[in-house]
Amino acid sequence: MGKVEVNSKGIKNRLKSIKPFKSIAEYVWNGFDAGANLIQINYTLNDLDFVEQLSVSDNGKGIPVSLVDNKFKPVLSSEKREMETKHSLIHGKNGLGRLTFYHFCEKAEWKTTYQENNSFQSYSLHVDSANIDNYDKTDLTNSMLEETGTEVHFYNIFDIDNKYIENDLMSFLKKEFAFFLEINKDIGFDIKVNGKSINYKPLIKENDSFDLTVNDFDFKVNFIRWTNNLNGHSSRYYCIDSECAFKFSKTTSFNKKGDSFYHSAFISSGYFDEFMPFNKNGSDSSQSDMFDFQNEKSEIFKSLIKKVNLILRDKRSPFIVDFAKQLVEEYEQHGIFPKYNKNNKWESLRMDDIKETIMQLYQVEPKIFSQLNLQQKKTLVGFIALIVDSGDLDDLFTILDGVIELDSAQRECFSRQLKTTKMSSIVNTIEVISDRFKSVAEFEKLVFDPTMYAGEVPHLQAMMERNYWLIGEQYQLLTAAEPKFEEALRRHNYILKGDKTKHTIDHESKNREMDLFLIKQGFNEQVENVVIELKHPVNVRLGKKELDQVYDYYQVIRSESMFNASNYTWKFYLIGNKFDSTDYIQGQINNLKNQGEPGLAFSGDYKIYVFTWSEIFNNFKLKHLYLQDKLELQLQNLNDNYHDSADDIVNRVRTSDSKRELVVD
């Protein structure tokens, strides 16, 4: 009886993290490492659908009896490890892969046949999971079948059922061997489970081929992008000679960038027939590594890889753009970006600028954004926002130079993209400002030009719905025109609480219709409610009657407890062209001037502000006077459709339009 040099406890401690599916994959690798091109996994089930018998067989070279000790030596002493080079596809390293069976069965038996001189020798070897540091070996016999190979049988199997085989094992095998089978597909390598070849093709998201020529050598590049990571395998170049034999491998320059661009580049050429990996130790005296044209240090190989990199970069570009968009969407969903009011055009434009910068930075180096916790993400985005707001892109490059290496092409591309983003933001801002001036000019025409015959509801109210930013940037429109108070309450509850339930309001004026009902939910959970009542500039003059109408609205609101939380405030805006002859409203405003709020006509549990149309429009012009001068807007040319009807004006769409009325299904 031979003796394994590490005791049973030590072996199991080293192998304790191995799952059954990974263990079975180790036996498949053992077969390929032994020169097999066909691995067969066979199993049978009992009446309870659990695995009763399981075996892994290969048509490799078998295990010569002289190597048995090496095959079952402890970790760090495997003969594979001793013969492995950094360019090899040899899988085994630990020397204990054959002992992982103890995770799913009690005993394993190896039946192997190898060729020695002109004869074929067979023997068996047994290992028990309870005494895993020992093995029993039978005597050598002459094999009647002139075929080499090894078959491993597993006995007294536990915790493996048919579902586990079909799901966990099959999924792992496909991701484990996809790249290897793809390399060797032209020479018939295969893995069969109960006689059926495993199909790894669904793991291929994209497949393309390219022909390249370097110094009169022809190369065929087969590019594959995988749907996900292949069990932790790196993205690599695989070099294959004219006989379809693997010669060399190295990781690609786009490997592990943090962007899920999982890919392989299989490069076939007669150039690799005499290819010898560069020997940094210089032990191969038959080859002058530094000057030979068939190793990875040669100019031909370097030129080849540069061309392949261009292909990979082109393949990655649309892919990385999609992932950059996904990153921004994810950051927005998880509250990574600084808080901003989506109803505020200026804040939205600024945030678009920040998002676009992050997308461009992600495309340059996705790894910057990988493996960050929530606080780190917020900090990173916050710093980027500060730099974007400052407009000094050189600061961003200074920071990046200390974090990542940008070549001149990447730096130039990134700089150009950021400048384009900034210019786009400026252009969009100018367009919004210009459209706002146009909208105000059109609004004034509806209000002050009697030949327009503008109606209060179809025109003035519709125009205010599109331009309620005149009252404030921060609001959201809940209702306009027709919805009654009960519908207003439903929408109010929905936006604040996510509740779509319809509630009944018990008040005689509950069917009154507010012209516009706006809401602003502050970051400190304060809720500001605004009701706007518009009056026709010609037919109605503002007085006590109009103020009483606003008071009626408030009585309905006060009667409903859901409208009256402690963190709610209510403001009412009454807008018309002139006050009536009683000067009742002007007197109210004069009495409250000491509170310092323009237009304030009532102050108590709620506030009423009264403005003329002229005051609304002039207030906008005063706020934008500086921008108007800087942008040199020609106001006389803004209303470029002078002969439009009132209907034409209210139906026109502009970039400055406020968000539409909230609709709750």
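These numbers were taken from a predicted model, which means no experiment stands behind them.
Atom CG of D506 has 12 or fewer heavy atoms from other residues, nucleotides or ligands within 6.0 Å. Open room surrounds NZ on K306; 12 or fewer heavy atoms of other groups in view lie less than 6.0 Å from it. Within a 6.0 Å sphere centred on OH of Y494, heavy atoms belonging to other residues, nucleotides or ligands number 12 at most.
Here H492 and Y568 bring their ring centres to under 6.0 angstrom of each other. Side-chain rings of F437 and F620 approach one another, their centers coming within less than 6.0 Å.
Comment: K544 engages D548 in a salt bridge, judged by a side-chain N to carboxylate O separation of less than 4.0 angstrom. Salt-bridge check for E330 with K377: passed, with a basic side-chain N closer than 4.0 Å to an acidic carboxylate O. Between K510 and E560 there is no salt bridge, since no side-chain N of the basic residue sits under 4.0 Å from a carboxylate O of the acidic one. Under the 4.0 Å criterion applied to side-chain N and carboxylate O atoms, E487 and R491 are assigned as salt-bridge partners.
In the model, E456 has no side-chain atom that pairs as donor or acceptor with a side-chain atom of Q461 under 3.5 Å. Residues D647 and S645 have side chains that never bring a donor and an acceptor to within less than 3.5 angstrom of each other. Between the side chains of Y609 and E597, at least one donor-acceptor pair of N or O atoms lies under 3.5 Å. Checking E528 against Y475 by side-chain atom types alone, a donor-acceptor pair falls below 3.5 Å. Residues N309 and S253 have side chains that bring a donor and an acceptor to within less than 3.5 angstrom of each other.
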>> The test is side-chain hydrogen bond (donor to acceptor under 3.5 Å, both in side chains); show your working for K607 and Q595 and say whether it passes.
In response: CA-CA 12 Å; K607 292 183 177 182; Q595 295 198 22; 4.7 Å; no
>> For a side-chain hydrogen bond (donor to acceptor under 3.5 Å, both in side chains) check, start with the C-alpha distance between N228 and W226, then their side-chain angles and the critical distance, and finish with the verdict.
In response: CA-CA 5 Å; N228 46 23; W226 307 99; over 6 Å; no
>> Walk me through whether W570 and F517 qualify under ring-ring contact (aromatic ring centres under 6.0 Å, His included).
In response: CA-CA 11 Å; W570 287 89; F517 179 17; 5.6 Å; yes
> Passes ring-ring contact (aromatic ring centres under 6.0 Å, His included), F572 versus Y606? Steps please.
Replying inline: CA-CA 8 Å; F572 297 84; Y606 64 100; 5.5 Å; yes
> After noting the C-alpha distance and the side-chain angles of T227 and I204, does the key distance pass the side chain to side chain contact (heavy atoms under 4.5 Å, CB included) rule?
Replying inline: CA-CA 6 Å; T227 56; I204 298 177; over 6 Å; no
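Between the CG atom of L460 and the CZ atom of F443 there is a distance of 6.0 Å, given to the nearest 0.5 Å. In this structure, CZ on R558 lies 9.0 Å from CG on N564, to the nearest 0.5 angstrom. Atom OG in S439 sits 11.5 Å away from atom CD in E444 (nearest 0.5 Å). In this structure, CZ on F261 lies 5.5 Å from CG on L312, to the nearest 0.5 angstrom. Annotation: the span from I505 atom CD1 to R490 atom CZ amounts to 12.5 Å, rounded to 0.5 Å. I616 CD1 to Y573 OH: the interatomic distance, rounded to the nearest 0.5 Å, is 8.0 Å.
Smallest separation of non-hydrogen atoms from N567 and Q526: O-OE1, 3.3 Å. For the residue pair E615 and T612, the shortest heavy atom distance occurs at OE1-N, 2.8 Å. The minimum heavy-atom distance linking I589 with V610 is given by the pair CD1-O, 4.1 Å. The heavy-atom pair separating Y468 from Q476 by the smallest distance is OH-CA, 3.9 Å. Minimum interatomic distance between K484 and N511 (heavy atoms only, all atoms of both residues): CD-O, 3.1 Å. Nearest heavy-atom pair across Q588 and A601 is NE2-O, 3.2 Å.
The closest donor-acceptor contact from the side chain of H536 to the backbone of V538 lies under 3.5 Å. The main-chain N or O of N577 is never found under 3.5 Å from a side-chain atom of R541 such that the two would form a donor-acceptor pair. Although no hydrogens or angles enter the test, the distance criterion places no donor-acceptor pair under 3.5 Å between the side chain of R225 and the main chain of E206. In this structure, the side chain of D583 does not engage the main chain of Q586 through any donor-acceptor pair within 3.5 Å. Side chain of E356 to main chain of D353: no donor-acceptor pair is present (N/O by atom type, distance under 3.5 Å, no hydrogens or angles). With hydrogens and angles disregarded, a donor-acceptor distance shorter than 3.5 Å links the side chain of D515 to the backbone of L534. R512 places no side-chain N or O within donor-acceptor distance of the main-chain N or O of V556, the cut-off being under 3.5 Å. Between the side chain of N467 and the main chain of W469, no donor-acceptor pair closer than 3.5 Å is present.
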